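Being a predicted model, the structure only gives us computed values, none of them experimental. Just the heavy atoms: all of them, side chains too, but no hydrogens, waters or symmetry mates, feed the values below.
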Amino acid sequence: MTTAPTADLVMERLLNEAAREFPGWAFERDQAGWTAVNGDLRLTRHSLAALRALLRVHRAAGRR
């Protein structure tokens, strides 16, 4: 019989994935949602998925 992964394990995997996708960014969670920090830049969204989507847009805009 297999067991489903715990919520903590899933969140740890998602954070590791985000850290690999966005090197140099630190991710934090509080009651307001998720924040990504890189130097003086702080971006906050209600979910980690929304924050990662914003970081992708931010990264794409920086390449132009």
Counting only heavy atoms from other residues, nucleotides and ligands, does the tally under 6.0 Å from CZ of Arg29 exceed 12? no
All side chain to side chain contact (heavy atoms under 4.5 Å, CB included) counterparts of Leu15, not counting sequence neighbours: Met11, Phe27, Trp34, Leu48
Asp40: what forms a side chain to side chain contact (heavy atoms under 4.5 Å, CB included) with it, not counting sequence neighbours?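 Residues passing side chain to side chain contact (heavy atoms under 4.5 Å, CB included) with Asp40: none at all.
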Donor-acceptor pair, distance only, cut-off 3.5 Å: does the side chain of Asn16 make one with the backbone of Ala19?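 Absent.
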CD of Glu17 to CD of Glu12: how many Å apart, nearest 0.5 Å? 13.0 Å
Search all heavy atoms of [X] against all heavy atoms of [Y] and return the closest pair with its distance.
X: Glu21; Y: Arg59; value: O-NH1, 3.1 Å
X: Ala36; Y: Leu55; value: CB-CD1, 3.9 Å
X: Ser47; Y: Ala50; value: OG-N, 3.0 Å

Is any side-chain heavy atom of His58 closer than 4.5 Å to one of Trp25? yes
Side chains of Arg45 and Arg52 in contact at under 4.5 Å (non-hydrogen atoms): no
Is Phe22 reachable from Leu41 through a run of I, L, V, M, F, W or Y residues, each pair having side-chain heavy atoms under 4.5 Å apart?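 Yes, because Leu41 and Phe22 connect within a single hydrophobic cluster, where side-chain heavy atoms sit under 4.5 Å apart.
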Let me check something: do Leu51 and Val37 share a hydrophobic cluster, defined by ILVMFWY side-chain heavy atoms less than 4.5 Å apart, either directly or through other members?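 In one cluster with Leu51: Val37, no.
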